[in-house]
Enquirer: 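Have a look at the structure that comes next, please.
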Amino acid sequence: MEYVLPNDDRLSLPDGATGADAAAAIGPGLARAALAVKVDGVTYDLARELPTDGERRIEIITERSGDDALALIRHDAAHVFAETMLELYPGVQIAIGPPIQNGFYYDLELPAGVSVGEEDLPAIEARMREHIAADERFVREDVPVAVALDRYRAEGQSYKVELIEDLVKNAPADAPLETVSLYRNGDFVDLCRGPHAPSTGRIRAFKLQSVAGAYWRGDSHNKMLTRVYGTAFFSAKDLDVHLERLELARRNDHRKLGRELGMFGFSETAPGSAFWFPAGTAVYNELVRLSREMGLTRGYTEVKTPQLFDSSLWKTSGHWDKYREEMFVTESEDRQLAIKPMNCPGHCQLYLMQAHSYRDLPIRYSEPGLLHRNEPSGTLHGLLRARHFAQDDAHIFCTEDQIQDEVAAVLRFAFETYGLFGLDLRLELSTRPDQRIGSDELWDRSELALENALASLGLEYTVNPGDGAFYGPKIDIHMTDSLGRSWQLGTCQLDYNFPERFDLTYTGADNAAHRPVMIHRALMGSYERFIGILLEHFGGQLPFWMAPLQALVLPISDRHNAYGESVRERLVAAGVRAELDDRSESVARKIREGELRKVPFMLIVGDREQQAGEVGVREHRGGDKGSVPIEDFLAMVHDLITSRSLT
RNA sequence: GCCGACGUAGCUCAGCUGGUAGAGCACUUCACUCGUAAUGAAGGGGUCCGGGGUUCGAAUCCCCGCGUCGGCUCCA
């Protein structure tokens, strides 16, 4: 039997040869380094017989094979972890333990009254190291379903029993499941489809990182299990590099940066809601201004609608049935009222209050309205998940013929906005959810319209089936934070349902009433969340045009304070956010503190500058740039501001 | 909301097995008047998250709340 190697060489092996045999046939070094074998892109255990049908491409996986190799030992480490937990915590029930993006986890149910905290992890790690030092072999065994079930029932491992029963249930009718694979290392046997490295000794470095809760099968109706996260690498150095990267990301946490830069903070007096200091408010307002300016030239008009609405509005929109728990509700004079969690019903009401002709459409109402959503306490996360926020929100009322152009224009607008920040956006199309309003026919049309708009621009996107809003499908814009977590920022949602529910109409050319279509859109999403993402993206050093403090004037000594103040006044008059540091401190100290505040420019003024009418320019992290006339500096920053330059 | 951890000065944190609180930075005052990442000295500042309980005595132990962090679920 011949196999094709990655370099297109052919390797001849007898039938029944394994991946290990293949590696040995190529060379003794590779035989020692081999962890697994990839056959046509599917990873196999080294000990497994290679398929003998057709032409197969094989590739030996070693430590150098990148993520494929790491996933193997991380999965191995998960098994060693479960093995150790069974020893240290008798009665523990183990569920599942897969490799993930940067490591692995294992879910388990601890015996009643027992809990594991992060302080217990070192002891568990120590025991795990013994199993790794013992270099236990991973041995795969395919056993009849009944044997596996008996085994796990006898051991009281009910999650494993459930997993096997489901495998049986979900097997296709024409190919009923007869065997399941078990992997043994040492005395530990786990239900697992594999593959694994040859032995536990291949795990060179690992760490248990955190303890968390996770619902069995990801369903909140199920029991909550204990999940331990960990990671593994081929060297202590790689592990250290990874841990350092996590540490760096933590330094870029927007909550930490926001406090350090004096931008915003949080208080127990308003959980989930940011308090904005002047520095943060300046940044916030720059974004609102950007959104207004860009909207103005793209046909948007700004409106204002109330904060508090009678519950009848939310009943009409459907929020009352679906989201009442997440709304802040109050009452007055026997009326139930709710603070708005979104602007769209208010905009529908606004639309209803005037008569509309097809000549008016599309109408594009924008409103950075303050929204409140009573998010569950456990989900709050600084600015990224808040109870009080505003969006760069707009609602487009248009005819069905206008949908595709409007959606395409929204997406173009989004790309223009994100380009200003150097952000890459990731598009996701979310389709009809289980809980929804409106007929299937409407959903068919909505989903098709969005797909057409995406196709017309030739954009790449992924599909999230069932993830749409309850009133319509949507195209979401996603970004990733400093720790690799994905957040939704912008959205573009197509909606036939609200126009129905609110009975929105326009008069057509035929003088008859027609139903408009509504597009809900936000590009940055919530300003709060967007600022959080920007802070992490830029590591706190925002582009000049939106920096909280743009220039800091530093007199060399007290006798230069008056000149410094005159410089500051000229900057402020030119629209630059500037401060004067007139404390009786050394220049070195003022500079150090300015650098820590990440101020883009420090302007040092002493005798020389005072006499020449100049400023000594020092760029953040760029050092001394020499002295220039004030006019030159003003002209330069004017350009940075008007172009909204990234630097 | 669920699981786990945490909550001490404005910030970052120390405070061992219970004996009525400390450091650095920040702040105030004084001196210094300084040329590109910390001048020196003195001083002020704490219901130890809140409420109960155990104890002669609680920041420390127990219970209940609240908040925060890490996840899970959710996210119009």
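What's counted below: heavy atoms across the whole structure, side chains too, no hydrogens, waters or symmetry copies. Throughout, a chain's letter reflects where its sequence line sits, starting with A, and its residues are numbered from 1.
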Enquirer: Which one, rG70(B), rC75(B), rA37(B), comes nearest to the side chain of R385(A)?
Expert: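 Out of rG70(B), rC75(B), rA37(B), the nucleotide with an atom closest to R385(A)'s side chain is rC75(B).
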Enquirer: Find the distance E325(A):CD to rC2(B):P and express it as a whole number of Å.
Expert: 13 Å
Enquirer: Grab the CG-P distance between L383(A) and rU68(B) for me, whole Å please.
Expert: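 Roughly 13 Å, once rounded to whole Å.
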Enquirer: Check the phosphate of rG1(B) against S377(A), side-chain N and O only, distance under 4.0 Å to OP1 or OP2. Yes or no?
Expert: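 For rG1(B), OP1/OP2 do have a side-chain N/O of S377(A) under 4.0 Å.
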Enquirer: Can you tell which of rU39(B), rG7(B), rA76(B) lies closest to the side chain of S586(A)?
Expert: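 Closest of the options to the side chain of S586(A): rU39(B).
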Enquirer: Does R589(A) get its side chain close enough to the base of rA38(B), under 3.5 Å, for a donor-acceptor pair?
Expert: no
Enquirer: Is there a donor on the side chain of Y215(A) or the base of rG1(B) sitting less than 3.5 Å from an acceptor on the other?
Expert: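 Such a pair is found, so the answer is yes.
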Enquirer: Does NZ or CZ of K315(A) come closer than 6.0 Å to the centre of the six-membered ring of W320(A), within 45° of the ring's axis?
Expert: yes
Enquirer: Between Q349(A) and T305(A), does any side-chain donor sit less than 3.5 Å from a side-chain acceptor?
Expert: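 No, T305(A) and Q349(A) have no side-chain donor paired with an acceptor closer than 3.5 Å.
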Enquirer: Counting just side-chain N and O atoms, does Y229(A) come under 4.0 Å of either OP1 or OP2 of rC72(B)?
Expert: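 Checking Y229(A) against rC72(B): at least one side-chain N or O falls below 4.0 Å of OP1 or OP2.
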Enquirer: Does the side chain of H560(A) get closer than 4.0 angstrom to OP1 or OP2 of rC34(B) through an N or O atom?
Expert: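 Negative; the distance criterion is not met.
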Enquirer: What does rG19(B) pair with, Watson-Crick or G-U, if both distances are under 3.5 Å?
Expert: rC56(B)
Enquirer: Should R227(A) be listed as having a side-chain N or O under 4.0 Å from OP1 or OP2 of rC3(B)?
Expert: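 Answer no for this pair, as no side-chain N or O of R227(A) is under 4.0 Å from OP1 or OP2.
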Enquirer: Can you tell me whether the side chain of E119(A) and the base of rG4(B) have a donor-acceptor pair closer than 3.5 Å?
Expert: no
Enquirer: Taking only Lys NZ, Arg NE, NH1 and NH2, and the carboxylate oxygens of Asp or Glu, determine whether E375(A) and R385(A) approach each other closer than 4.0 Å.
Expert: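 Counted as a salt bridge, because a side-chain N and a carboxylate O are separated by less than 4.0 Å.
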Enquirer: Ring of Y323(A) versus six-membered ring of rA76(B): centres under 5.5 Å and planes under 30°?
Expert: yes
Enquirer: Grab the CZ-P distance between R583(A) and rC30(B) for me, whole Å please.
Expert: 16 Å
Enquirer: If only atom types and distance count, is the side chain of R521(A) paired as donor or acceptor with the main-chain N or O of C492(A) below 3.5 Å?
Expert: no
